[in-house]
Number of protein chains: 2
Amino acid sequence: MPAPMTETAKLSQQIVELYERLSSWEQDVVKSSGLSPAQMHTIEIVGHCGAALRMKELAKKMGVTTGTLTVMIDRLEQQELLRRSPHQTDRRSYLIALTEKGRELFAEHHQYHLRLTEEITATLSQEERAMFSAVLGKIIGQM
Amino acid sequence: MPAPMTETAKLSQQIVELYERLSSWEQDVVKSSGLSPAQMHTIEIVGHCGAALRMKELAKKMGVTTGTLTVMIDRLEQQELLRRSPHQTDRRSYLIALTEKGRELFAEHHQYHLRLTEEITATLSQEERAMFSAVLGKIIGQM
DNA sequence: GGATATAGTTTGAATGTCAAGATGTTTGCA
DNA sequence: TGCAAACATCTTGACATTCAAACTATATCC
């Protein structure tokens, strides 16, 4: 007979489970786009951020080194999904921004996220949805 | 002025945000263990599953090909974190299970997860925690 | 008993990753 | 001003991850 599980243990397990499922969902969706997961992640970060970013800033947001980012941006630039433009006042820097094609890809991917969110929260009551959002807000604030 | 965000859009954004933060938290924790993220992920899946698994089963659970898994298991076996043992009735198969050292690593990592869960849910009321768990259960059931 | 399917490994190619070093630019200070 | 130090990015070399496809050994089905 398994030991009784504490409330924290159950929550932890559920969070891990949710993470795993989101992860494999994302993997499936990305596969159909032709990009690698890391490439799509880059598009997502740049797209979500909105404003153009320096390499250094983007690397920090993504948790990779600038060396890694250089080749990532090279490839995405070859696919015309984003563009380096010279920084106005700092000639060492580039500003990274999505092209029109990149924005379209980002928008499409965003729609997938919205659809998933609708699906997985479909059975929640109005009250549960509101409370879930409030709790998520608190949790994210703690991290 | 930004367009008003629908409730679904807000939830979607929060889920993405939570995912991102869990992801970078895990990356930091794994870095301190000396293993790569993929290696730790393998340990987590095998450890969480409990029973010994065939290569094929494990590959499916992890969403990788068996070819990928072969070299992953090779490396983890070299580090004595898990072991291949012959399948009792099918001589084509191995059963993959954690060693004592692997179980210790898994237990330690599991403790990190518990601690994180406690931290991020610390400000929730008893009621909120219960409801959050119930909603997570529903959501996971929908995926 | 032989054809076919299955489990796992190997190989070759592409990508992702980092640390360390190189290049060009900016900043701070003497 | 002019030079040293800091900074942003890129390059290089090494290794990990990943897949598809070919390969080996075993199991299953007729």
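Numbers restart at 1 for each chain; the letters A, B, ... are given by sequence-line order, proteins then strands.
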**Study point:** Contact letters for nucleotides 8-15 of chain C, in which S counts primed atoms plus P, OP1 and OP2 and B counts the base, heavy atoms under 4.0 Å
**Key:** SBB----S
Exercise for review: Could you tell me the separation between the CZ atom of A:Arg91 and the P atom of C:dT23, rounded to a whole number of Å?
Suggested key: 18 Å
Donor-acceptor list for residues 59-66 of chain B side chains, cut-off 3.5 Å, not counting sequence neighbours:
{"residue": "B:Thr65", "atom": "OG1", "partner": "B:Thr68", "partner atom": "N", "Å": "3.3"}
{"residue": "B:Thr65", "atom": "OG1", "partner": "B:Thr68", "partner atom": "OG1", "Å": "3.1"}

Anything under 3.5 Å between a donor and an acceptor, one on a side chain of residues 133-143 of chain A, the other on a protein residue two or more places apart or in another chain? List them.
{"residue": "A:Ser133", "atom": "OG", "partner": "B:Gln14", "partner atom": "OE1", "Å": "2.7"}
{"residue": "A:Lys138", "atom": "NZ", "partner": "B:Glu128", "partner atom": "OE1", "Å": "3.2"}
{"residue": "A:Lys138", "atom": "NZ", "partner": "B:Glu128", "partner atom": "OE2", "Å": "3.1"}

Point to revise | Set of residues satisfying side-chain hydrogen bond (donor to acceptor under 3.5 Å, both in side chains) with respect to A:Tyr19, sequence neighbours excluded | key: B:Ser23
Point to revise | B:Ile73 CD1 to C:dA7 P, straight-line distance once rounded to whole Å | key: 16 Å
**Study point:** salt bridge (Lys or Arg N to Asp or Glu O under 4.0 Å) partners of residues 98-108 of chain A, not counting sequence neighbours, each pair once
**Key:** A:Glu100-A:Arg103
Review point. Closer to the 5' end of DNA chain C via nearest nucleotide, is it A:Val64 or A:Asp90?
Key: A:Val64
Practice item. Sorted by first residue and then second, give each salt bridge (Lys or Arg N to Asp or Glu O under 4.0 Å) pair with at least one member in residues 9-21 of chain B; sequence neighbours left out. Key: B:Glu17-B:Arg21
**Study point:** Residue list, side-chain contact (heavy atoms from CB on, under 4.5 Å) with A:Ala122, at least two apart or on another chain
**Key:** none
Check your understanding: Looking at CG of A:Leu82 and CZ of A:Arg75, how far apart are the two atoms once the value is rounded to the nearest 0.5 Å?
Key -> 13.0 Å
Exercise for review: Applying side-chain hydrogen bond (donor to acceptor under 3.5 Å, both in side chains), name anything that partners A:His113, two or more places apart in sequence or on another chain.
Suggested key: A:Glu26, A:His109
**Study point:** Nucleotide C:dC18, atom P - distance to CG of B:Leu35 in whole Å
**Key:** 16 Å
Point to revise | DNA chain D contacts made by residues 17-25 of chain B, counting heavy atoms under 4.0 Å | key: none
Exercise for review: Output every pair passing side chain to side chain donor-acceptor pair (under 3.5 Å) with a member in residues 45-55 of chain A, not counting sequence neighbours, ordered by first then second residue.
Suggested key: A:Arg54-A:His87, A:Arg54-A:Asp90, A:Arg54-A:Ser93
Review point. What residues form a side-chain hydrogen bond (donor to acceptor under 3.5 Å, both in side chains) with B:Thr70, not counting sequence neighbours?
Key: none
Revision key, fill the gap. First and last nt of DNA chain D near chain B, cut-off under 4.0 Å to heavy atoms, 5' to 3', are D:dA16 to D:dA27
Review point. Just checking B:Thr42: base, sugar-phosphate only, or nothing, at a heavy-atom cut-off of under 4.0 Å?
Key: nothing
Check your understanding: Looking at side-chain heavy atoms only, is the closest gap between B:Ile96 and B:Arg83 below 4.5 Å?
Key -> no
